[in-house]
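First the structure, in the form of structure tokens, and then the observations on it.
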Amino acid sequence: MLEFLRGRDVLVAGWGISGRSLIEPLRDIGARPVVTDAGAAALAEAAELGLAVATAPELETTDWSRFALVITSPGWRPDSPVLASAVAEGTPVWGDVEFAWWVDQARIYGPVRKWLVITGTNGKTTTTQMTHAILRAAGIASVACGNIGLPILDALRRNPGPQVLAVELSSFQLHWAPSVRPEAGVVLNVAEDHLDWHGGLDAYAAAKARALFGRVGVVGLDDPVAASLARRSKARRTLGFRIGVPADGELGVVDGKLLDRAFTKAAILAEVGDISPPGPAGVADALAAAALTRAIDVAPQFVREGLIEHKVGPHRAAFVREIDEVAFVDDSKATNPHAARSSILAHQRAVWIAGGQLKGAHIDELVEEVADRLVAAVLIGADAPAFAAALARHAPEVPVIEVIAGDDAGMADQASTNDKADAAMAKAVRTAAEFAGPGDTVLLAPAAASLDMFTDYMHRGRSFAAAVHALEDGDTGRRL
């Protein structure tokens, strides 16, 4: 399968986590990795490790026939000059996930694994962690990998190796992985996100639908776009899950219990009260994880044990602190409007801290739906004006405060950038607390990406938590 790479140069496009994970497998196959990256520091680091490197100008005049393959990091768009040139010259372009799939199929690191693939706009990481927890409860050697942080190739190279991979895949990764045929794959939901990368919702949904090319395909039936993908599923069997009562061939919820009517006549899998995080989004993720594991014959008792064992990770609707009967909740991972919707709807009254980079998504529908739950909105980040405009249109009675981080154009270094972001978050938290009374929740659910201000969504969440812990009794309710 991969013999065509032996003794040939392979261009590794992108020297990030996924790029680094490619080097040893390529060498094990007998290929010669050559690294390219837009950053001079990245190329210097690769060169220090003894790797061949190629700059963008060098590739402009290269003879592409020297490369048997280009393997791209998932963030590189198809119209990137390097990738476009490779395609134009007839050199195949794979993603790192595509390469990992063929490495596994070729048994480079042992028997072929079962892949359980999880994708969706929101809930991917939680569902992946739940899936892994269920597999552990069943005593199945497994690992959570992919977009969750551990590259698939690193998982495959573990000794002893896993039998099953719980693989979180982004739309970028799926776009570059057309050959993947998982044992079971799920599309949790599809909402506006990364439209600037894909060029529109249809292309974004089509990338997500590549999770439905294996033996069993699973879709979230409560999400209209995800549900519609059942019609284009290439899986041998396609089924769905819903928060309500399941029909035959579905998983759902009856009288507070998660019920499987897809893989048996009727089997109780868990209690709704067992699920972390609580609320509809957490239950939906649990049903998806149950569907994936039931697809490979994991018994209901182990589904229950795994879901009880699973606890939500940081920055995912995580409770931080209560002050003067006001709860402070960090859902920094809500990086798009769809994720923020689930977060806000879990609270009756919320002071909403929002803003960042919308990445082409629209905010009006969200604001219109949650307006009656908003006590106030405190806005940060580059697209704060878009949030403010939507609130003015659909929630004119809600007080809106915009917190400006300052003029970032003259930043001297990353440390000063972080200081300004942290200072802006501290002001946002203190302002939000002033609007909150007993029984309210101050909720960080930004509905946008973080990179305009913060290092990543985790930095944003830590900044929020630090600001909350700096508050004192009496800091809430001052504007009521």
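Annotation: Arg349, atom CZ; neighbour count of heavy atoms from other residues, nucleotides and ligands within 6.0 Å does not exceed 12. Atom CZ of Arg304 has 12 or fewer heavy atoms from other residues, nucleotides or ligands within 6.0 Å. Within a 6.0 Å radius of CD in Glu402, more than 12 heavy atoms belonging to other residues, nucleotides or ligands are found. A 6.0 Å sphere centred on CD of Glu322 holds more than 12 heavy atoms belonging to other residues, nucleotides or ligands.
Between Glu369 and Leu345 the shortest side-chain heavy-atom distance falls below 4.5 Å. Residues Trp352 and Phe387 meet the side-chain proximity criterion, which asks for heavy atoms closer than 4.5 Å. Looking at Val164 and Arg113, their side chains never come closer than 4.5 Å, going by heavy atoms from C-beta outward. Counting only heavy atoms from C-beta outward, the side chains of Val218 and Thr238 never approach each other to under 4.5 Å. At least one side-chain heavy atom of Arg460 sits less than 4.5 Å from a side-chain heavy atom of Met425. Counting only heavy atoms from C-beta outward, the side chains of Gln357 and Thr335 never approach each other to under 4.5 Å. Under the 4.5 Å side-chain criterion, counting only non-hydrogen atoms from C-beta, Asn147 is not in contact with Leu169.
At a cut-off of 3.5 Å, with distance as the only test, no side-chain donor of Asp331 or His315 sits close to an acceptor on the other residue. Between the side chains of His459 and Asp422, at least one donor-acceptor pair of N or O atoms lies under 3.5 Å. Side chains of Thr119 and Glu168: a donor-acceptor N/O pair is absent below 3.5 angstrom, by distance only. With 3.5 Å as the limit, one finds a donor-acceptor pair spanning the side chains of Tyr457 and Arg316.
Side-chain atoms of Asp475 come within 3.5 Å of backbone N or O of Glu472 as a donor-acceptor pair. For Asp37 (side chain) and Ala42 (main-chain N/O), no donor-acceptor pair under 3.5 Å exists by modelled atom type. The backbone N or O of Lys208 sits nowhere less than 3.5 Å from a side-chain atom of Ser171 that would complete a donor-acceptor pair. With hydrogens and angles disregarded, a donor-acceptor distance shorter than 3.5 Å links the side chain of Asp452 to the backbone of Ala382. Looking at Arg210, its side chain does come within 3.5 Å of a backbone N or O of His175 through a donor-acceptor pair. When atom types are taken as modelled, the side chain of Trp76 and the backbone of Gly95 share no donor-acceptor pair closer than 3.5 angstrom. Side-chain atoms of Ser233 never come within 3.5 Å of backbone atoms of Ala230 as a donor-acceptor pair (strictly under, hydrogens ignored). The closest donor-acceptor contact from the side chain of Arg242 to the backbone of Asp222 lies at 3.5 Å or more, if one exists at all. With hydrogens and angles ignored, the 3.5 Å screen pairs a side-chain donor or acceptor of Ser170 with a backbone N or O of Gln173. In this structure, the side chain of Ser228 engages the main chain of Val225 through a donor-acceptor pair within 3.5 Å.
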Exercise. Given side-chain contact (heavy atoms from CB on, under 4.5 Å), test Leu443 with Ile353 step by step and report yes or no.
Key: CA-CA 6 Å; Leu443 175 65; Ile353 299 178; over 6 Å; no

Quiz item: So His310 and Thr126, side-chain contact (heavy atoms from CB on, under 4.5 Å) or not? Walk me through it.
Solution: CA-CA 9 Å; His310 172 266; Thr126 298; 4.0 Å; yes

Quiz item: Step by step, would you call Arg232 with Leu212 a side-chain contact (heavy atoms from CB on, under 4.5 Å)?
Solution: CA-CA 8 Å; Arg232 68 167 81 171; Leu212 309 176; 5.9 Å; no

Quiz prompt | Working for side-chain contact (heavy atoms from CB on, under 4.5 Å), residues Ser332 and Phe464 | solution = CA-CA 9 Å; Ser332 183; Phe464 172 80; over 6 Å; no

Exercise. Dump the intermediate steps for salt bridge (Lys or Arg N to Asp or Glu O under 4.0 Å) on Arg261 and Glu250, then the final yes or no.
Key: CA-CA 5 Å; Arg261 299 188 67 187; Glu250 298 176 357; over 6 Å; no

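Salt-bridge formation is detected for the pair Glu183/Arg215: a Lys NZ or Arg NE/NH1/NH2 atom is positioned less than 4.0 Å from an Asp or Glu carboxylate oxygen. At a threshold of 4.0 Å, the pair Arg294-Asp297 does not count as salt-bridged, since none of the basic side-chain nitrogens sits closer than that to a carboxylate oxygen. Contact check on Lys257 versus Asp255 returns no salt bridge, with no Lys/Arg side-chain nitrogen under 4.0 Å from an Asp/Glu carboxylate oxygen. Between Arg20 and Glu45 there is a salt bridge, with a side-chain nitrogen of the basic residue lying less than 4.0 Å from a carboxylate oxygen of the acidic one.
Note that the CZ atom of Arg341 and the CG atom of Asn189 stand 10.0 Å from one another [nearest 0.5 Å]. Taken to the nearest 0.5 Å, the NE2 atom of His394 stands 10.0 Å off from the CG atom of Leu366.
Between Ala166 and Thr128, the closest heavy-atom pair is O-CG2, 3.6 Å. Leu251 approaches Leu239 most closely through the heavy-atom pair CD1-CD1, 3.9 Å. Contact between Lys124 and Ile118 at its shortest, heavy atoms only, is O-CG2, 3.7 Å. Closest heavy-atom contact between Ala137 and Gly306: CB-N, 3.7 Å. Between Phe319 and Ala327 the shortest heavy-atom distance is CE1-CB, 4.0 Å. Cys145 and Ile152 get closest at one heavy-atom pair: SG-CG1, 4.1 Å.
For the pair Arg237 and Phe263, the cation sits on the ring face: its NZ or CZ lies under 6.0 Å from the ring centre, inside 45° of the axis.
By the 30° and 60° cut-offs, the orientation of the rings of Trp115 relative to Trp101 is perpendicular.
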Only distances under 3.5 Å count here; give the side-chain donor-acceptor pairs of residues 274-292 to other protein atoms, sequence neighbours excluded, each with its distance to 0.1 Å.
from   : atom 1 : to     : atom 2 : distance (Å)
Asp274 : OD2    : Glu271 : N      : 3.2
Ser276 : OG     : Val312 : N      : 3.0
Asp285 : OD1    : Thr127 : OG1    : 3.3

